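Shown next, in structure tokens, is the structure this report addresses.
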Amino acid sequence: MEDSGGWEPGAPGVLRLPSGRLVRGRGLRRPLPEGPPPAYGVYLLGRRPPDMPWAYGWLYWPDFRLPGSRIEARRLFAEAWTRSRTDRVEIACGGGRGRTGTALACLAVLDGVPPHEAVAFVRTRYHRHAVETPWQRRYVERFTG
């Protein structure tokens with residue numbers, strides 16, 4: 001099993017991937033959870049997020065839609081997955097379910113979960129309403145690691 005990156009297992013929003021890596025999902029409309037801050041974040045929003053005091057990437061992704069760039073999404077998800085081996089990584093959108101759940105499912109694919117099982121994996125272990133739209137579900141099913 002790999003390093004967990006420093007998140008507490010079982011902390012709010014923390015998803016354990018099959019490798020043991022931990023990634024936190026959250027909604028930016030809620031207060032920052034207590035505890036240590038992330039070392040790196042990926043923010044999935046229709047407009048640039050405010051500056052954060054940690055390293056982060058921004059992916060243009062309007063609510064209930066798909067990423068503006070599949071190439072940039074793939075790059076940011078791969079970076080988040082790589083960093084999650086040793087760093088506290090968070091993935092966040094406004095509400096923390098649709099876009100965040102979709103991105104977490106893509107990280108699960110990168111971690112070895114078959115694409116057709118990744119949505120169920122995230123809904124079971126992160127939030128039962130993760131990945132909100134049929135097109136987000138298809139995006140995950142077509143995402144390859």
Side-chain angles (χ1 to χ4, degrees), residues 1-45 48-61 63 65-133 135-145:
M1 188 174 296
E2 297 189 20
D3 293 336
S4 65
W7 291 122
E8 274 298 314
V14 173
L15 172 70
R16 181 183 293 276
L17 296 170
S19 65
R21 296 173 191 220
L22 299 175
V23 180
R24 182 173 74 188
R26 76 176 177 105
L28 294 171
R29 291 191 295 261
R30 293 187 210 31
L32 185 66
E34 290 187 25
Y40 180 72
V42 175
Y43 302 104
L44 316 165
L45 301 165
R48 182 170 290 284
D51 282 337
M52 304 289 184
W54 48 81
Y56 69 92
W58 168 56
L59 179 61
Y60 176 75
W61 191 340
D63 203 5
R65 305 285 174 107
L66 294 176
S69 167
R70 288 180 181 268
I71 293 168
E72 184 66 0
R74 177 72 170 90
R75 184 188 73 74
L76 287 170
F77 298 164
E79 181 167 357
W81 181 80
T82 298
R83 287 179 178 236
S84 70
R85 183 169 183 266
T86 57
D87 293 338
R88 288 183 308 275
V89 172
E90 79 171 2
I91 308 292
C93 64
R97 293 184 185 168
R99 295 169 285 182
T100 296
T102 302
L104 289 172
C106 291
L107 264 64
V109 171
L110 291 174
D111 205 62
V113 175
H116 66 279
E117 295 175 14
V119 170
F121 178 88
V122 170
R123 285 180 175 167
T124 300
R125 293 165 177 83
Y126 169 68
H127 195 287
R128 64 188 175 111
H129 296 297
V131 190
E132 294 176 316
T133 68
W135 42 93
Q136 289 172 342
R137 187 180 65 248
R138 280 192 302 274
Y139 182 86
V140 173
E141 290 170 354
R142 295 176 181 157
F143 187 82
T144 55

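Owing to the predicted nature of the structure, the values given are computational and were not obtained by experimental measurement. One is the number of the first residue; the rest follow in order along the sequence.
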Heavy-atom nearest pair, Cys106 first then Tyr139, reads SG-CE2, 3.7 Å

All heavy atoms of Gly96 vs all of Tyr126, minimum pair found to be O-OH, 2.6 Å

Note: Arg24 and Pro38 closest approach over all heavy atoms is NH2-CD, 3.6 Å

Would you say Leu17 and Phe121 make side-chain contact, with heavy atoms under 4.5 Å? yes

Practice item. Check whether any side-chain heavy atom of Arg88 lies under 4.5 Å from a side-chain heavy atom of Trp54, and answer yes or no. Key: no

Here the gap from Leu44 atom CG to Leu28 atom CG, rounded to the nearest 0.5 Å, amounts to 8.5 Å

### Query
Do Trp7 and Val23 touch side chain to side chain, with heavy atoms closer than 4.5 Å?
no

Exercise. Check whether any side-chain heavy atom of Arg65 sits under 4.5 Å from a side-chain heavy atom of Thr133, and report yes or no.
Key: no

So OH of Tyr43 and CZ of Arg48: to nearest 0.5 Å the spacing works out to 13.0 Å

Is any side-chain heavy atom of Phe77 closer than 4.5 Å to one of Val109?
no

Any Cys93 side-chain heavy atom under 4.5 Å of Trp61 side chain: no

Looking at Glu117, I want to see if its CD is surrounded by more than 12 non-hydrogen atoms of other residues, nucleotides or ligands under 6.0 Å. yes

- prompt: Taking atom CZ of Arg123 as the centre, does the number of heavy atoms from other residues, nucleotides or ligands within less than 6.0 Å exceed 12?
  reply: yes

Check: So do Phe143 and Leu110 actually touch side chain to side chain, heavy atoms under 4.5 Å?
Finding: yes

Applying salt bridge (Lys or Arg N to Asp or Glu O under 4.0 Å) to Arg97 and not counting sequence neighbours gives none

Q | Close side-chain approach of Arg142 and Val140, heavy atoms under 4.5 Å | A | no

With side-chain contact (heavy atoms from CB on, under 4.5 Å) as the criterion, how do Leu32 and Arg26 come out once you've worked through the C-alpha distance, each side chain's angles and the decisive distance to 0.1 Å? CA-CA 9 Å; Leu32 185 66; Arg26 76 176 177 105; 3.4 Å; yes

Nearest heavy-atom contact between Gly94 and Arg99 is N-NH2, 3.4 Å

Those residues at least two apart in sequence (or on a different chain) that pass salt bridge (Lys or Arg N to Asp or Glu O under 4.0 Å) with Arg75 are Glu72, Glu79

Heavy-atom closest pair (Trp58 atom, Leu45 atom, distance to 0.1 Å) is NE1-O, 3.2 Å

Between Thr144 and Arg74, the two heavy atoms sitting closest are O-NE, 3.5 Å

With sequence neighbours left out, the residues meeting side-chain hydrogen bond (donor to acceptor under 3.5 Å, both in side chains) with Arg138 are none

*asked:* Looking at Leu15, is its backbone amide N or carbonyl O close enough to the side chain of Arg21 to form a donor-acceptor pair, meaning the two atoms are under 3.5 Å apart?
replied: no

